[in-house]
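A short write-up of the structure that comes next.
Residue numbers start from 1 in every chain, and the chains themselves are labelled A, B, ... in the order their sequence lines are given, proteins ahead of strands.
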Amino acid sequence: MTVTFQIWRGNASGGKFESYAIEIAEGMVVLDAVHQIQAEQANDLAVRWNCKAGKCGSCSAEVNGIPKLMCMTRLSDLPLHKPVLLQPMKAFPLIRDLVTDVSWNFSVKKKIKKFKPRPPDAKDGTWRMFQQDIDRVQEFHKCIECFLCQDVCHVLREHQLHDAFIGPRFLVHVAALEMHPLDMEDRLEEVKKAGGIGYCNITKCCTTVCPEDITITDNAIIPLKERVADRFYDPVKKFFRFLFANH
Amino acid sequence: MATFDQYDYDVLVIGAGGAGLRVAIEAAAHGVSVGLICKSLLGKAHTVMAEGGIAAALSNVDERDNWKVHFADTMRGGQYLNDWHMAELHAKEAPDRVRELEAWGALFDRTKDGRILQRNFGGHKYPRLAHVGDRTGLEMIRTLQDYSIHQGIEVHMECTIISLLKNGEQVAGAFGYEREKGRFKLFGAKAIVIATGGIGRAYKITSNSWEYTGDGHSLAYHAGAELMDMEFVQFHPTGMVWPPSVRGILVTEGVRGEGGILLNREHKRFMFDEIPELYRHQTADNEEEGWKYTQGDRSAKRPPELLTRDHVARCIVREIKEGRGSPHNGVFLDISWIKTKIPNAAEYIRKKLPSMYHQFKKLADIDITKEAMEVGPTTHYMMGGIRVNAETQMSTVPGLFAAGEAAAGLHGANRLGGNSLSDLLVFGKRAGEFAAKFARENKQAGIDHQAVEVIANKAVEPFERTDGDNPFQVQYDLQEIMQDLVGIVRKEEELLKAISALEKLQERSRKVRVIGNREYNNGWHTALDLQHLLTVSEAITRAAIARKESRGAHFREDYPEKDEQTGNCNLLLVKGPDGQMQVKRASLREMRADLKQIIDEMK
Ligand SMILES: Cc1cc2nc3c(=O)[nH]c(=O)nc-3n(C[C@H](O)[C@H](O)[C@H](O)COP(=O)(O)OP(=O)(O)OC[C@H]3O[C@@H](n4cnc5c(N)ncnc54)[C@H](O)[C@@H]3O)c2cc1C
Ligand code: SF4
Ligand code: SF4
Ligand code: FES
């Protein structure tokens, strides 16, 4: 079967959609199609990928307008009677074709206070933790840093508030640190001020696109918001803290 | 003369997988300046794909385990061609390296009493693999990455090294280009550590990512370092075989560790048919005992599905060749059968093997809790690599170090699953420490700028050609040759054919043409990778010709037996004065008496 792909070609200074028609085979994913086009019709087509197994989070792009991993999107799940539209992620500056500059994400992470464990529990320098106490954090650790959630979040995508809001990926990261049973650091003020957690209005778009099925909003963002609210807005708690701070 | 942006570091680390990150962290901890370079983004290296776990004799699950057992297992798995001192250091130091990850924030699955849980894996006598479901590599690389970003290491992402620079005998720096704009970058360094991973992309069917083009092996070889054990390419027995576009993607050995069994089209459990002598007394002789072993019964022996990878892969090839394969030229791997043994089997499988569940559901429409998977061998790991000193990880070139999959020695003729992740940490730490020491004790050697300019001009030649091959086509042809002629089962005439085919490809690679400009140009990247792929392919083939016996991962149809007379040696590959590749024999070092005794006791 012949399928047409419309792929965005160009760099920061401009570009347009180009059409490519190829013969597809059973079981192909979008990334296979892109590779085939690259090998046969457009050697210089820019695309980022690594593992082709949904594990590295490199091949993020927008397929028919929806943020997805190209290597985990099967052609048979798309309507193929019309052209398949492939675009780079919109929330980040374009480098070329399907590749965007995601370096902002790396600089955001660097600013988050690092893991700080409590002293070891046992003489041999190890800790004791129970599976039920780490299940939640292990869910957050499934993140492959594909940044699809960042791409879909309107605070970054439409409002471009990259300076004020760290985005769902890094709220998950903060939650993972805050809920780590060994961690002793306190990041609540940070996540409120520099992190801009208040900008999130729980639309849950991030959870919908996460290829790792992390329940970003319910399990990470909402509990973080509650902790922040508890700390900073609860007048009774605030009063007590004031008392303790002064005695 | 052209000038390039130059960056100078005490220690330059090429590669940011588990090994490279651990090197960089250690070097930085010793107070030297560190630059870290990777071809892709930080955290995307191939280590992220590792699934089953990391081997370390923590003895959390079975207190009979200790470094001696791990050492003996590793040597037996490697058919005694391993560097025994590396195997000793690895077994002794791995537990501390794993515990260190926990101190840096990693969360491994837990035992009931709250310690790090360990699972069974092929060739390991006791449950030894610390793991996080089947995404251990992700946990490891993210932990190292998140730790490293606070250590003052300078990272150059999406930057590819295309040549090492030397001054006399010593390394002086490296030269590469960044992908975004295609600009060249020059790095000066007192010590360089190669941690570039493996070579899987030399084959058509592989579990490896696009980065695995053997760059580090080739960079070091052309800089005068010795390569060792290159004939030993590990073909993992279980890769996906259907649909065609996912062919090669790994199905973790963890499936078999959790009780998965291999069946042929007649639904026969064929792994019981042939059990190698070396493992006979460690292997179960009936199905019930094998099952008990996977469920932690300490009196039971391991099922034959958990024999070493080389053996399992060959048994699968035999079934397929003799017409007992599955519909798509594989065999069946079934974990769903455990529902006849335990309640809530489906839930158990999803919890223990979440990414396998996900992978088959998404890519093949198969629910592994209900149906068997179809699997077949896939190119997986390179035992061979840069020859290094066991303690310091320095290569035969002063100031040039190697760690991780790019280095040779620990695994001998065959690697045990889980021994790579531990290898990255143990020897990454060592390489970082000794590279820092070397950097403190030596001055930076001067860089020959003229030589750099020659390299730069050569690198852009493909843009200037008006005709010539498409680099992707040359790469495909190379993969086809290696798959067909230098695969799991080898013979002399095919290997010789491969050599001449590679020579022809070498010609074609010099004439490839790249279109477009230098900005993020994958075609150009592929053109530059070709040289590395060709170098490692030639090394694999030449070593495979020279080893006229079968041992570990290297199987010769024309010499099917192990040859104790000629085989007890390592093969080295060096660039001769005439620029041709030479094969040399290095006899094994006499093993220290105390280690020999351990091996004898554990026979
Ligand atoms: C699917 C899969 C599952 C596995 N599961 C396990 C397991 O459960 N347990 C286990 O022990 N082992 C496992 N392995 C093996 C193990 O993952 C690898 O051997 C290991 O991760 C290699 O790590 P590394 O640090 O040496 O290289 P990598 O992690 O591959 O890192 C290489 C780095 O070098 C960089 N690089 C390469 N060339 C250049 C260049 N020219 N210039 C600049 N940078 C360059 C890359 O960008 C990358 O950053 C698995 C392998 C695969 C494929
Ligand atoms: S729930 Fe919050 S973080 Fe997620 S997409 Fe909506 S606004 Fe963004
Ligand atoms: S939370 Fe999910 S969507 Fe966001 S970066 Fe991680 S894996 Fe991707
Ligand atoms: S290529 Fe790694 S997630 Fe798609």
Side-chain angles (χ1 to χ4, degrees), chain A residues 11 25-29 32 35 38-40 42-58 72 74 95-97 99 101-103 106 109-110 114-115 117 120-121 124-131 133-134 137-138 141-145 173 176-177 180-183 213, chain B residues 40-46 48-49 99 102-105 107 109-110 112-117 132-133 135 137-139 142 146-147 149-150 157 180 207 209-211 242-246 249-250 354-355 358-359 362-364 470-473 476 514-517 519-524 526:
Chain A
N11 56 21
E26 191 179 345
M28 269 171 79
V29 292
D32 293 318
H35 279 153
Q38 183 188 55
E40 294 167 2
N43 281 187
D44 63 337
L45 171 64
V47 54
R48 189 183 269 136
W49 71 285
N50 251 41
C51 66
K52 203 177 149 330
K55 297 206 162 84
C56 72
S58 300
M72 293 305 273
R74 286 179 70 172
I95 291 181
R96 207 161 75 78
D97 303 344
V99 179
D101 176 358
V102 292
S103 57
F106 291 91
K109 192 189 245 181
K110 227 173 167 164
K114 64 182 180 194
F115 176 67
D121 303 333
D124 62 357
T126 60
W127 288 270
R128 296 291 173 272
M129 284 181 271
F130 296 96
Q131 189 62 43
D133 300 329
I134 63 166
V137 184
Q138 282 191 329
H141 282 200
K142 288 196 307 189
C143 171
I144 56 174
E145 301 202 328
H173 183 58
L177 289 162
H180 193 301
L182 304 184
D183 183 71
D213 296 325
Chain B
S40 37
L41 298 172
L42 195 58
K44 310 294 182 198
H46 182 270
V48 83
M49 299 170 76
R99 287 193 277 260
E102 186 164 85
W104 295 347
L107 284 172
D109 289 354
R110 316 307 295 177
K112 288 215 167 57
D113 65 346
R115 296 183 298 162
I116 296 174
L117 181 62
V132 188
R135 51 165 196 84
L138 171 64
E139 188 74 9
R142 201 66 81 232
D146 292 354
Y147 186 83
I149 58 178
H150 302 286
M157 295 192 213
E180 183 174 339
S207 65
S209 79
W210 74 267
E211 300 194 299
W242 189 259
S245 69
V246 300
I249 293 183
L250 192 75
S355 44
H358 193 71
Q359 182 173 312
K362 270 236 150 114
L363 297 174
N470 167 346
F472 292 101
Q473 192 56 49
Y476 291 150
V514 176
I515 55 166
N517 61 30
E519 277 175 37
Y520 218 105
N521 189 328
N522 296 50
W524 187 34
T526 302

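Distance check, rounded to the nearest 0.5 Å: NZ of B:K44 to CD1 of A:I144 gives 7.0 Å. Note: A:H141 NE2 to B:L107 CG = 5.0 Å, rounded to the nearest 0.5 Å. Residue A:E26 holds its CD atom at 9.0 Å from OG of B:S245, rounded to the nearest 0.5 Å. Atoms CZ and OG, on A:R48 and B:S40 in that order, are 9.0 Å from each other to the nearest 0.5 Å. Within the model, atoms CG of B:L42 and CD of A:E145 stand 8.5 Å from one another, a figure rounded to the nearest 0.5 Å. In this structure, OH in B:Y520 is found 11.0 Å from CG in A:L45, a value given to the nearest 0.5 Å.
No side-chain heavy atom of A:N43 sits under 4.5 Å from any side-chain heavy atom of B:V514. For the pair B:W210/A:N50, a side-chain contact is recorded, criterion being any heavy-atom separation below 4.5 Å from C-beta on.
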| request: Please assess B:D146 against A:F115 for the test side-chain contact (heavy atoms from CB on, under 4.5 Å), listing each intermediate value before the final yes or no. | output: CA-CA 9 Å; B:D146 292 354; A:F115 176 67; over 6 Å; no
Derivation of the side-chain contact (heavy atoms from CB on, under 4.5 Å) call for A:D44 and B:W524
CA-CA 8 Å; A:D44 63 337; B:W524 187 34; over 6 Å; no
Going through the distances and angles, do B:R110 and A:F130 end up as a side-chain contact (heavy atoms from CB on, under 4.5 Å)?
CA-CA 6 Å; B:R110 316 307 295 177; A:F130 296 96; 5.8 Å; no
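Between chain A and the residues B:R142, B:Q359, B:E211, the largest count of heavy-atom pairs under 4.5 Å involves B:R142. Of the listed residues (B:M49, B:R99, B:H46, B:H150), the one with the most heavy-atom contacts under 4.5 Å to chain A is B:H150. When B:N470, B:L117, B:V246 are compared by the number of non-hydrogen pairs under 4.5 Å with chain A, B:N470 comes out ahead. In terms of non-hydrogen atom pairs under 4.5 Å with chain A, the most contact-rich of B:H358, B:K112, B:M157, B:Q473 is B:M157. Most heavy-atom pairs under 4.5 Å with chain B, from the set A:G54, A:A42, A:G57: that is A:G57. In terms of non-hydrogen atom pairs under 4.5 Å with chain A, the most contact-rich of B:N517, B:I515, B:L363 is B:L363. Chosen from B:Y476, B:W242, B:Y147, the residue pairing most often with chain A at heavy-atom distances under 4.5 Å is B:W242.
Across every non-hydrogen atom of B:L138 and A:C143, the tightest pair is CD1-O, 3.7 Å. A pairwise comparison of heavy atoms in A:P117 and B:A103 identifies CG-O, 3.6 Å as the closest pair. Contact detail for A:V47 and B:N522: the closest heavy-atom pair is O-ND2, 3.1 Å. Residues B:S209 and A:C51 approach most closely at CB-CA, 4.0 Å, considering heavy atoms. The two atoms that bring B:E519 and A:R96 nearest to each other are O-NE, 2.8 Å, heavy atoms only.
With a 4.5 angstrom heavy-atom cutoff, B:S355 touches chain A only via side-chain atoms. For A:D133, no part lies under 4.5 angstrom from a heavy atom of chain B. In this structure, chain A has heavy atoms under 4.5 Å from both the backbone and the side chain of B:I149. Interface remark: A:D183 contributes no atoms to any contact with chain B (heavy atom separation under 4.5 Å). Both the backbone and the side chain of A:A39 come within less than 4.5 Å of a heavy atom in chain B. Residue B:E180 touches chain A through both its backbone and its side chain, counting heavy-atom pairs closer than 4.5 Å. When heavy atoms are compared at a cutoff of 4.5 Å, B:E102 approaches chain A by way of both its backbone and its side chain. With a 4.5 Å cut-off on non-hydrogen atoms, A:V99 touches chain B through its side chain but not through its backbone.
Residues that satisfy the salt bridge (Lys or Arg N to Asp or Glu O under 4.0 Å) test with B:D113, not counting sequence neighbours, are B:R115. Under the side-chain contact (heavy atoms from CB on, under 4.5 Å) criterion, A:D121 pairs with A:R118, A:W127, A:R128, not counting sequence neighbours.
Looking at B:D109 and A:Q138, their side chains do bring a donor and an acceptor atom within 3.5 Å of each other.
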